[in-house]
Structures are given as C-alpha cells and as structure tokens.
Amino acid sequence: MILLLLIYRTFLRFFYFFIKLLPTKKSRITFLSRQTNTPSVDFQYLIADIKSRYPECEIKVLCKRLEKDNVKQIVSYLFHPFMQMILLATSEICIIDSYQIAVSVLKHKKNLKIVQIWHSLAAIKKSGLAALDSQKKRQIAKIMCMHKNYDFIAIGSEKMIEHFSKAFGYKAEKFWITGLPRVDYLQKSKESNKVLVQKTYPKLKDAKIVLYAPTFRKNNDYRFGEIIEAFENTPYTLIIKKHPLTKAAIPEKYEYKKLRTIELLSSADFVISDYSGTIIEAAVAERPLLIFNYDNAEFAKNEGFFIDIEKEFQNLSFKNAGEIVSFIQKGDYDMSLLKNFCKKCIKNTNGNCTEDLTNKIMQLKK
C-alpha cells in the first residue's frame, strides 16, 4: 500500500511538471470538490456572487464524489487528478471544500492561491490530522501530504481556530473568520425551502415534522429502528436523512430522497442529530435541536471530539429515543442553549458571509 502510494505520488508529480508549462489564465478561478458530483450550496452562492460582482472572472468547476466502498469508482478516480492538474496549472485561484490529492501532493506555481472552505460549519468531531490514530494512518497522511498547500482557510469564528488548526496543521494567521455561504443560504431560503418541501411532498404541508440526521459511524449503529418505533404512535412525521456513506437500510417511507437535509431543515419542527455538522446548520436555521448521543463515550474513545456535546447541550442531550419523544411532547423547548452554541461557532449571521468571503478571495488577485 505504502509503495503504491509513493509510486502514484511520483507519477502525478512527474506529469504535473510538464502540465505546469501551460500558461496561467488571468482571472480564472477553479472550484474543486470530492464531496458531491454537483456544486454544493457553498460553491453555488460563491460562484453566483463572483459572477455578479466580477464578471471578468472565468469560473471552472470540477466536482466528483469519491465513493470509498466502490472499487471500480476508486480506480476511475485515480485518473481524476489529471483533469484537476490542468485547471490548477492554468488558474490564479483554486477553492476546495475537502482534501484534494492534486492540491496537496504537488508543487504549484507561485502565483496560484488555494483557499480551503471546509464542508462543515464547525469542527465538532476530530478530523484531518487530529484523527490520525495509528502509525499507518500517519504514514499515509505524510506520503499524501494531507492538507498541505493551503494559503487560507475560511471558518466561522475565532473559537474554531483552535480546532481547525489541529485538523489542518496551520497557524492562526492562515484562517479567515468569514463563515461559509451556506450560513446565508440557511437564513435567506427558509420560506422558499418550505415551499419546495410542500411542492415536492404535498402530504408534508400540514405535517409536524421530526428530522433525524446522524453522522457517519464506522460500526453502522444508528438506532434507526429505535427512532422509528419511538415516533410510531405520535402525531409527528419522521424523516430520516442518512449520511451518504451509511450502509444501514431503513424503510423507504422515511427517506424522502428527493430533497437534501439542508432543504428539509426549514420545515422541521424538531431536528435530531448527534455529532454531525447538521447541528450547526439547525442552529443557524433556528430549528429546535435535540442530541441523540447514545454512544457518546464509545465515539469519544474511537473517533474523538473537539467539542463536548453533552456539556454544550445539557438537558437537550438524550441516550434513548423514548426520552426524546417525551421531551418533545412536553412542549417546553428553550432555544437559549442552541443560540449560545451558534454564537460560538458562527460569528457572522448577518447574511453577508458570501460577500465577505468573495472580498477576501478577490484580494488575493491583487
């Protein structure tokens, strides 16, 4: 494995040496992602703002999701960095939302600026360099230059610098406290998303909705059955949005596949999650949030946390689904804990995160 990675890295570097002979195209800005096959909300908002205010810029977007459990897809992905290399060699600025092999393992032109806008609004569970819990993982990360070559990293607040610094390995001066465009989206699209939900699923028009969106778990233990049983004889319509990597199956009637979690949030009367970035999005969207952290001790041991969820959410944290239903039925939800948590993670909730981030990016051209 180690030898193959070294060969692959050398292979990429060899070809990039010649690809870099291509001329840089002034005002070309490239967006790269392996999170989804289509531009994320963050990319969409940022691209729209750049095109609106800086029409002279040429925008290039290359999104290809890496399916780690699909051997055929992994093999095809090995050639994907060559497409990325052409764009990296000819761009002034590159914006990414995850680790990118071509970005980190290669030596780029001095005029190329790389900005990381990580796909989570806050660092809740350990990730990146902070999550390397074995010698083999650390060795692979070193070979693949994990999170190298970033000029700047956009995050939501000063509080998050400590955590993201551990995840990425950069000092405080490399971080921009701008927030991400999806903060603007969550605030500005509340009514339009409610309309979208009702149009897509008319039966949800007058429904009381509970949205369950847990993070990915290696052990595949999501307590879906427990959640379903707990809400079986209640007036609430349960919607379950699985993490893209989740293999556990659930009855189709709970999935609502036509809409994304971020689109469903505005229509949810309650959101149930755990250590997922969804808890920050729910906080920004001002949706009552409940934490289902039945495996908090195990997750802390195996994965690790940056943020103590139980301490942050106190009486909004539950070990079994029955307690969650009982709490909801009491009808005395206090939003103060959620609002305080949001303030710690997101400094700018004024609806201009996109504008602030665009301003920072365009300053790099100067």
Side-chain angles (χ1 to χ4, degrees), residues 1-2 5 8-9 12 31-36 40 42-43 63-68 74 77 81 84 88 94-106 108 113-180 182 214-218 243-245 274-281 299-309 344-346 357:
M1 175 68 170
I2 299 300
L5 289 176
Y8 181 60
R9 187 186 70 179
L12 293 178
F31 289 77
L32 302 178
S33 177
R34 68 170 188 167
Q35 291 300 114
T36 61
S40 65
D42 292 317
F43 278 13
C63 299
K64 184 178 176 65
R65 181 171 177 79
L66 175 59
E67 305 289 351
K68 295 181 180 180
I74 291 175
Y77 197 90
Q84 295 178 328
L88 288 165
C94 177
I95 299 166
I96 60 177
D97 62 357
S98 54
Y99 165 75
Q100 295 285 342
I101 294 173
V103 166
S104 291
V105 305
L106 302 173
H108 302 288
K113 301 299 180 184
I114 298 169
V115 178
Q116 171 70 261
I117 59 170
W118 193 244
H119 55 271
S120 179
L121 288 175
I124 300 168
K125 55 184 182 289
K126 287 185 178 180
S127 61
L129 300 176
L132 302 176
D133 55 2
S134 70
Q135 181 60 35
K136 183 178 180 180
K137 287 182 180 179
R138 287 189 286 271
Q139 189 175 8
I140 291 174
K142 184 177 181 179
I143 291 171
M144 300 310 290
C145 306
M146 182 180 282
H147 298 308
K148 297 294 185 182
N149 292 335
Y150 304 158
D151 290 286
F152 293 98
I153 303 162
I155 59 174
S157 70
E158 287 85 354
K159 177 72 175 177
M160 289 294 107
I161 291 178
E162 175 187 357
H163 307 320
F164 278 114
S165 179
K166 292 176 181 177
F168 296 136
Y170 289 85
K171 295 182 179 180
E173 59 265 24
K174 289 292 184 178
F175 291 92
W176 288 342
I177 312 300
T178 58
L180 298 185
R182 81 181 69 177
T215 192
F216 172 71
R217 285 172 169 76
K218 294 178 181 178
H243 187 281
L245 298 178
D274 42 30
Y275 327 116
S276 167
T278 298
I279 68 175
I280 313 295
E281 294 175 355
F299 205 95
K301 180 181 178 181
N302 297 330
E303 306 290 336
F305 294 111
F306 284 130
I307 296 174
D308 188 335
I309 295 295
K344 292 179 182 179
C345 298
I346 308 295
L357 184 52

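In this structure, the salt bridge (Lys or Arg N to Asp or Glu O under 4.0 Å) partners of D42, at least two apart in sequence or on a different chain, are R182. Every side chain to side chain donor-acceptor pair (under 3.5 Å) that S276 has, sequence neighbours left out, goes to T278. Residues that satisfy the side-chain contact (heavy atoms from CB on, under 4.5 Å) test with R9, not counting sequence neighbours, are L6, R13, V105, I143. A search for salt bridge (Lys or Arg N to Asp or Glu O under 4.0 Å) contacts involving K125 returns nothing, not counting sequence neighbours. For K301, there are no side-chain contact (heavy atoms from CB on, under 4.5 Å) partners two or more places apart in sequence or in a different chain. Partners of D151 by salt bridge (Lys or Arg N to Asp or Glu O under 4.0 Å), not counting sequence neighbours: none found. Take S33 and apply the side chain to side chain donor-acceptor pair (under 3.5 Å) test, not counting sequence neighbours, and it matches D97. Scored by the ring pair (Phe, Tyr, Trp, His ring centres under 6.0 Å) test, Y275 finds F299, F305 as partners (sequence neighbours excluded). Residues meeting the side-chain contact (heavy atoms from CB on, under 4.5 Å) test with L129, sequence neighbours left out: L132, M146.
The CD1 atom of I140 sits 10.5 Å away from the CD atom of Q135 when rounded to the nearest 0.5 Å. Atom-to-atom distance recorded for H108:NE2 and K113:NZ is 12.0 Å, nearest 0.5 angstrom. Put simply, CD on Q116 and CD on Q100 are 8.5 Å apart, with the number rounded to the nearest 0.5 Å. One finds the CD1 atom of I280 at 6.5 Å from the CD1 atom of I346 (value rounded to the nearest 0.5 Å). Here the straight-line distance linking atom CD1 of I153 with atom CD1 of I114 works out to 11.5 Å at 0.5 Å rounding.
Scanning all heavy atoms of the two residues, the minimum distance from C94 to L32 falls at SG-CD1, 3.7 Å. Scanning both residues, Y8 and P81, for their nearest heavy atoms gives OH-CG, 3.3 Å. Across all their heavy atoms, Q84 and A102 have their closest contact at OE1-CB, 3.4 Å. Shortest non-hydrogen contact noted between L357 and I117 is CD2-CG2, 3.8 Å. Closest of all the heavy-atom pairs between Q35 and S98 is OE1-CB, 3.5 Å. Minimum interatomic distance between I95 and F43 (heavy atoms only, all atoms of both residues): O-CZ, 3.8 Å.
Within the 4.5 Å cutoff, side-chain heavy atoms of I161 are placed close to those of I177. Considering only heavy atoms from C-beta on, K344 stays 4.5 Å or farther from I307 through its side chain. Residues T215 and I124 have side chains not in contact (no heavy-atom distance under 4.5 Å, counting atoms from C-beta outward).
Here the side chain of N149 pairs a donor or acceptor atom with the backbone of V103 at under 3.5 angstrom. Without hydrogens or angle criteria, R34 side chain to R65 main chain gives no donor-acceptor distance under 3.5 Å.
Residue pairs meeting the ring pair (Phe, Tyr, Trp, His ring centres under 6.0 Å) criterion with at least one member in residues 123-149, sequence neighbours excluded, are Y99-H147, W118-H147, H147-Y150, H147-F168. Residue pairs that meet the side-chain hydrogen bond (donor to acceptor under 3.5 Å, both in side chains) test with at least one member in residues 153-179, sequence neighbours left out, are E158-K347. Applying the salt bridge (charged side-chain N to carboxylate O under 4.0 Å, His left out) test to pairs two or more places apart or on separate chains, those with a residue in residues 128-144 are D133-K137.
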